[in-house]
Protein chains: 2
Amino acid sequence: MRASDRAYDTLRQEILDGVLTPGSLLGEVEQAERLGLSRTPLREALSRLIADGLASQTRGRGTVVSSISVADVDLLFELRLPLEVQSARLAAERGDPARFTALADRFTAAEQTLRARQRERDPAQADERYYALTEELDEAVSEAVANPYLSLALRSMRAHLVRARRLSQHAPERLAASAREHREVCAAIASGDPETAGAAMLIHLRRSLAYITAQHETAQHETPQHQTAQHATAQHSSTDA
Amino acid sequence: MRASDRAYDTLRQEILDGVLTPGSLLGEVEQAERLGLSRTPLREALSRLIADGLASQTRGRGTVVSSISVADVDLLFELRLPLEVQSARLAAERGDPARFTALADRFTAAEQTLRARQRERDPAQADERYYALTEELDEAVSEAVANPYLSLALRSMRAHLVRARRLSQHAPERLAASAREHREVCAAIASGDPETAGAAMLIHLRRSLAYITAQHETAQHETPQHQTAQHATAQHSSTDA
DNA sequence: GTCCGCATCGCTGTATACAATGAAGGGATG
DNA sequence: CATCCCTTCATTGTATACAGCGATGCGGAC
């Protein structure tokens with residue numbers, strides 16, 4: 001693996017994880033020393049981050065991590081909705097039913113686990129397992145669709161969504177409901193019905209967006225500062241709930 | 001403007017125009033000398049092209065222009081359909097009716113011009129004007145939607161589509177029909193009706209894909225070699241017809 | 001006291017030199 | 001005669017040195 005690739009992967013993950021917060025100045029010398037490489041491969045990494053829209057540069061002032069706000073969630077969902085609905089439809093046409101039936105069962109189990117969340121020792125661990133499950137679904141859908149162009153658009157979109165979603169948080173009730181919605185999506189894909197799969201995905205995304213919007217409006221009135229506090233605690237990189 | 005930006009723009013345009021054909025080896029030294037710059041900025045340009053999917057590199061063997069085939073048209077339309085339909089819907093909600101009414105009129109005029117194509121001295125010129133008009137529509141829609149994430153996804157998709165579409169060609173009848181379909185899209189957007197706008201766009205894209213598919217099947221049986229001959233003549237960069 | 005201009009400094013942008021890796025060709029050996 | 005290995009070369013990957021641009025801070029003038 002090339003040094004520039006490592007630098008890109010590292011910086012990208014750090015931006016997505018919120019380690020590098022929006023507005024952070026990415027000095028070339030500073031980052032090169034930190035990552036243990038020279039400026040040349042680092043600059044290639046920055047070029048790619050800028051192309052991804054994760055960073056931006058101003059002539060003479062250097063490269064900074066792109067800012068993102070809750071308002072971007074609305075814009076991102078305008079892109080996410082058609083992409084994911086289309087993916088669900090195509091997955092229903094092409095996917096292996098057995099694989100999605102298995103995923104549907106796991107989402108059913110996950111829902112029960114999440115509803116019994118308060119009894120667990122480490123509730124956050126259940127959340128993490130659930131987020132990992134949604135990522136498995138994303139992966140399964142992407143493989144079933146077998147369309148590199150669509151997959152790439154989804155990957156790019158999700159990178160931004162992860163950052164925007166970090167500004168919100170999820171109540172356990174929402175995660176359980178999300179699990180049920182995901183189960184419906186899996187079941188519809190497994191049954192090979194594109195229309196139903198698309199509709200199930202549409203329902204899931206609409207509810208997800210509605211929840212985020214409602215939660216943000218509440219937070220605006222009560223505790224606007226909890227958004228930044230979330231930065232440190234959130235560890236997963238899922239886009240979904 | 002930075003040298004690396006110029007290199008990126010130049011190479012990207014040359015790949016889209018078909019000057020650099022799929023499979024062309026992009027030697028770093030060779031291209032750096034040709035474009036009159038050093039290897040460092042050129043490598044940054046290549047990184048971006050690779051990120052765009054327009055080129056790919058194999059360790060030790062250098063960077064080559066990505067191959068593309070007519071089969072990719074189907075995959076690209078699986079992405080294009082939901083993106084453009086969504087764009088049309090949002091443009092109908094947010095766009096300036098006057099601007100799209102004006103565009104509708106121009107498409108009406110373009111249709112008549114294209115139907116009278118054989119009487120012109122330079123039929124290709126009429127085609128060029130029409131392609132420019134479709135690009136104006138794309139631009140107007142993108143501005144009306146005012147969603148950078150959606151616009152970026154469209155831009156990336158269109159880059160590939162231009163290359164794939166270069167493998168086909170358009171009969172004058174198809175262009176005239178395309179103009180009429182575009183007029184319907186403009187009218188629907190101008191009327192502020194998202195459902196109709198999305199449907200009009202859907203119809204246009206389905207017919208466009210059907211035409212390309214049919215034309216390719218015909219070409220497969222009759223003159224498979226005309227596809228490469230098209231490379232030299234096509235000058236426009238429109239994705240549309 | 002404030003504002004304009006200039007010099008300095010730090011950073012980015014570019015070029016070049018060096019290192020390392022993989023491909024290709026020729027020769028030797030089975 | 002085929003095959004395997006080794007040498008050689010070209011090309012990429014990385015580091016560093018240099019140049020140019022913009023930001024910043026100080027000094028002077030109004």
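The chains referred to below are lettered A, B, ... by the order of the sequence lines, with proteins before strands, and numbering in each begins at 1.
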**Spacing of B:R2 atom CZ relative to D:dG20 atom C1', expressed in whole Å** = 14 Å

**Asked** Is it the case that more than 12 heavy atoms not belonging to B:R155 sit under 6.0 Å from its CZ atom?
**Response** no

**Request:** Mind calculating the distance between CD (A:E33) and P (C:dT12) to the nearest angstrom?
**Result:** 12 Å

**Message:** Using the side-chain heavy atoms of A:S38, tell me which of these nucleotides is nearest: D:dA15, C:dT14, D:dG13.
**Reply:** D:dA15

**Prompt:** Taking only N and O in the side chain of B:R43, is any of them less than 4.0 Å away from OP1 or OP2 of D:dG13?
**Reply:** yes

**Message:** Expressed as a whole number of angstroms, how long is the span from A:Q31:CD to C:dT12:C1'?
**Reply:** 15 Å

**Message:** Between B:R166 (side chain only) and B:L16 (backbone N and O only), is there a donor and an acceptor less than 3.5 Å apart?
**Reply:** yes

**Item:** Spacing of A:E30 atom CD relative to C:dG10 atom P, expressed in whole Å
**Value:** 15 Å

**Request:** Find the distance A:R39:CZ to D:dA15:P and express it as a whole number of Å.
**Result:** 12 Å

**Prompt:** Is the closest side-chain donor-acceptor distance between A:Y149 and B:S156 under 3.5 Å?
**Reply:** no

**Asked** C:dT12 C1' sits how many Å from B:E44 CD, rounded?
**Response** 11 Å

**Request:** Please report, rounded to the nearest Å, how far the P atom of D:dT24 is from the CG atom of A:L25.
**Result:** 11 Å

**Request:** Could you tell me the separation between the CE atom of A:M1 and the C1' atom of C:dA20, rounded to a whole number of Å?
**Result:** 18 Å

**Request:** Check every atom of D:dA17, D:dG13, C:dA15 against the side chain of B:P41 and return the nucleotide holding the closest atom.
**Result:** C:dA15

**Asked** Mind checking whether B:Y130 and B:F107 have parallel, tilted or perpendicular rings, split at 30° and 60°?
**Response** perpendicular

**Residue A:L37, side-chain atoms from C-beta onward, closest of C:dA17, D:dA15, C:dT14** = D:dA15

**Prompt:** Looking at D:dT14, D:dG13, C:dT12, which one has an atom nearest to any side-chain atom of A:T40?
**Reply:** D:dT14

